[in-house]
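Structure record follows, encoded as structure tokens.
A, B, ... follow the sequence lines: proteins, then strands. Residue 1 opens every chain.
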Protein chains: 2
Amino acid sequence: MTFRTYQGDALTRLTELDPATVDAVITDPPYNSGGTTAKERTSRTAREKYTTGGSKNDLADFPGENKDQRSYGFWLTQLMTEAYRVTKPGGMALIFTDWRQFPVSSDALQAGGWIWRGAISWHKPQSRPQKGRFRQDCEYILWGSKGAIDGDRNPVYLPGLYSASQPAGAKRQHITQKPVEVMRELVKIAPPGGTVLDFCMGSGSTGVAALLEGRSFLGIEMTAHYRDIAEQRLAKTARQLADTSEHQGAAAQ
Amino acid sequence: MTFRTYQGDALTRLTELDPATVDAVITDPPYNSGGTTAKERTSRTAREKYTTGGSKNDLADFPGENKDQRSYGFWLTQLMTEAYRVTKPGGMALIFTDWRQFPVSSDALQAGGWIWRGAISWHKPQSRPQKGRFRQDCEYILWGSKGAIDGDRNPVYLPGLYSASQPAGAKRQHITQKPVEVMRELVKIAPPGGTVLDFCMGSGSTGVAALLEGRSFLGIEMTAHYRDIAEQRLAKTARQLADTSEHQGAAAQ
DNA sequence: CAAGTATATGAATCCCGCT
DNA sequence: GAGCGGGATTCATATACTT
């Protein structure tokens, strides 16, 4: 399985890709959420919004957390429209979102041409409790298809709920990093040997999961910092897979 | 703890209630989902949509499953507006929805004057797997408040994910009946001794849960059939609670 | 090495004081 | 009076560390 990553603006890089070459688009855009006022949402950086006061980690910030909800919908629609173009007929799209952006994300998915098929819940057991309230302990993954789904092309049966904590400590490279064990399940929506695209790659968990599950990967990331981290993680994963298959080959002889 | 049920149109009955008397509105409106086209959704009855072809159950149909999405949002907004009026400041609203109606339900909640606060996932473990797809095994509960929340008034810490199967067999009295164990957790968002309102009562699971958790209940149901069932379930629950407390009183002497 | 203990933190939210 | 920003709050969980 192969991988390739690009650094740059997601929309620009997407327009350079060939049409109908991707089996599944799986992406986790900046949510532009958090905060009670528009000012709080749009003027603070991701780190200021999403990292607890007093926490000691030293993770790099990420850009793109400056949009109000209308603008977020507009931006995501453009991306999903281009993503639709580069996807094969019958291909899939998965978009991470929190509860606030669930409605606008469903709009963007459908405005981009996709048929909205459902929502997946990702449960985070380690979330913050709050007095007199329900926890915000789920994020959501909206999914859709480019036209009809041929169940026989990729006859998997996937759950609609996953429970896993964010990577912590030294394993954590990004503020909003997704657990690889969840991503490994999600990438199975692309057929084995197929290609997965993530145009908001971050530290590359989607790509690592794709390689581990025998899918190829295309990644786009705006910041050079995270693109470098993703390249390293992907290269390391590819090396480990090559070693394993060599050993298996040797053992089989 | 007391209960009272009304039979009739939800909006009409709501307008007859006194303002600022309810602590939490918890309701499960007919989703008007199911089917990929408007025609499929609005031309079949609830029974035809939500029970498997040829299944032998004998549950009564329910009305209200004839609206397209725009009309559903309009209808729900009117109800949530009236519900807002009858709720105390700082009171809560919980609306069940499926993934399709999640966006329009969030609109109706906010259009009714409520501050949208989050989404709760209800996971149904025994949902149907589908080839080449993710399961649709979660429903959602959108929740909001009438103005600011005073955590000290009801200092509970509630989870944002529940897992439970729909009642089955003889215990099932309504096509879309909710499990009482889930409802018992949800009603805790009203303070002990407070009042819970359900204007789409169905067979009364919300009310049963409210009584079991020491909250009073107001229920509105359109069909006389289900209102009767709810009355019987509520009366039985109240009797059981009275028996238990008598025994406890006798044992204490 | 297993079991028990200590510590850090979360895609958050709100209060309160200041401008 | 509205807007802004700093800092406290809360506990289940993962991890590190100790016994």
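Here the nucleotide nearest the side chain of R117(B), chosen from dT13(C), dA11(C), dC11(D), is dT13(C). If you check dA11(C), dA12(C), dG10(C) against the side chain of D28(A), the one that comes closest is dA11(C). The side chain of E139(A) lies closest to dA11(C) when the candidates are dA12(D), dA11(C), dT13(C). Nearest to the side chain of F62(A), among dA11(C), dT10(D), dT13(C), sits dA11(C).
Across all strands shown, P159(B) has no heavy atoms under 4.0 Å from either base or sugar-phosphate atoms. Within 4.0 Å of W122(A), counting heavy atoms only, lies no atom of the nucleic acid at all.
Within the 4.0 Å cut-off from OP1 or OP2 of dA11(C), not a single side-chain nitrogen or oxygen of K49(A) is found. For dG10(C), the OP1/OP2 oxygens have a side-chain nitrogen or oxygen of R172(A) closer than 4.0 Å. Remark: K131(A) is not in phosphate contact with dT9(D), judged by side-chain N or O atoms under 4.0 Å from OP1 or OP2. In this model, the phosphate group of dT13(C) is approached by a side-chain N or O of Q136(A) to a distance below 4.0 Å at OP1 or OP2. In this structure, R133(A) reaches the dC14(C) phosphate: one of its side-chain N or O atoms is under 4.0 Å from OP1 or OP2.
Judged purely by atom type and a 3.5 angstrom limit, E65(A) uses its side chain to pair as donor or acceptor with the backbone of N32(A).
In terms of position along DNA chain C, the nucleotide closest to S127(A) lies nearer the 5' end than the nucleotide closest to the other residue of the pair A148(B) and S127(A).
More than 12 heavy atoms of other residues, nucleotides or ligands lie within 6.0 Å of CZ in R172(A), so this atom counts as buried by the packing criterion.
Going from atom CG of D98(A) over to atom C1' of dT13(C) covers 14 Å, rounded to whole Å. Regarding H174(A), its NE2 atom lies at a distance of 16 Å from the C1' atom of dG10(C), rounded to whole Å. One atom, OH of Y157(B), and another, P of dT13(C), lie 15 Å apart when rounded to the nearest Å. Atom CD of Q101(A) and atom C1' of dA11(C) are 11 Å apart (whole Å). Straight-line distance from the CZ atom of R135(A) to the C1' atom of dA11(C): 15 Å, rounded to whole Å. For Y50(A) and dT9(C), the OH to C1' distance is 17 Å, given to the nearest whole Å. What separates CG of N154(B) from P of dT10(D) is a distance of 15 Å, to the nearest Å. The separation between D137(A) atom CG and dA11(C) atom P is 11 Å, rounded to whole Å.
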Could you go through nucleotides 13-16 of chain D and list every protein N or O atom that sits under 3.5 Å from one of its N or O atoms, giving the distance for each pair?
| residue | atom | partner | partner atom | Å |
| --- | --- | --- | --- | --- |
| dT13(D) | O2 | Q126(A) | NE2 | 3.4 |

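A side chain to side chain donor-acceptor pair (under 3.5 Å) with Y31(A) is found for exactly one of K67(A), E139(A), Q101(A), namely E139(A).
In this structure, W116(B) and F102(B) have perpendicular ring planes: the angle between them is above 60°, well past the 30° mark.
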Table please: side-chain donor-acceptor pairs of residues 156-167 of chain B below 3.5 Å, with sequence neighbours left out.
| residue | atom | partner | partner atom | Å |
| --- | --- | --- | --- | --- |
| Y162(B) | OH | P159(B) | O | 3.2 |
| S163(B) | OG | H123(B) | ND1 | 3.1 |
| Q166(B) | NE2 | Q177(B) | O | 3.4 |

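Not counting sequence neighbours, the partners of E16(A) by the side-chain hydrogen bond (donor to acceptor under 3.5 Å, both in side chains) test are R13(A). Taking K146(B) as the reference, nothing meets the salt bridge (Lys or Arg N to Asp or Glu O under 4.0 Å) condition, with sequence neighbours excluded. For the ring-ring contact (aromatic ring centres under 6.0 Å, His included) test, residues two or more places apart in sequence or in another chain that qualify with F134(B) are W143(A).
Under the 6.0 Å cut-off for aromatic ring centres, Y140(B) and W99(B) do not qualify, their centroids lying 6.0 Å or more apart.
A gap of 22 Å separates the P atoms of dA11(C) and dG7(D), to the nearest Å.
Atom CG of D198(A) sits about 9.0 Å away from atom OG of S205(A), to the nearest 0.5 Å.
Look at Y31(A) and the base of dA11(C); the rings stack, centres closer than 5.5 Å and planes less than 30° apart.
Contact check on E181(B) versus R184(B) returns no salt bridge, with no Lys/Arg side-chain nitrogen under 4.0 Å from an Asp/Glu carboxylate oxygen.
Consecutive Watson-Crick or G-U pairing (both distances under 3.5 Å) extending over three or more pairs maps onto DNA chain C as C:2-10 with D:11-19, C:12-19 with D:2-9.
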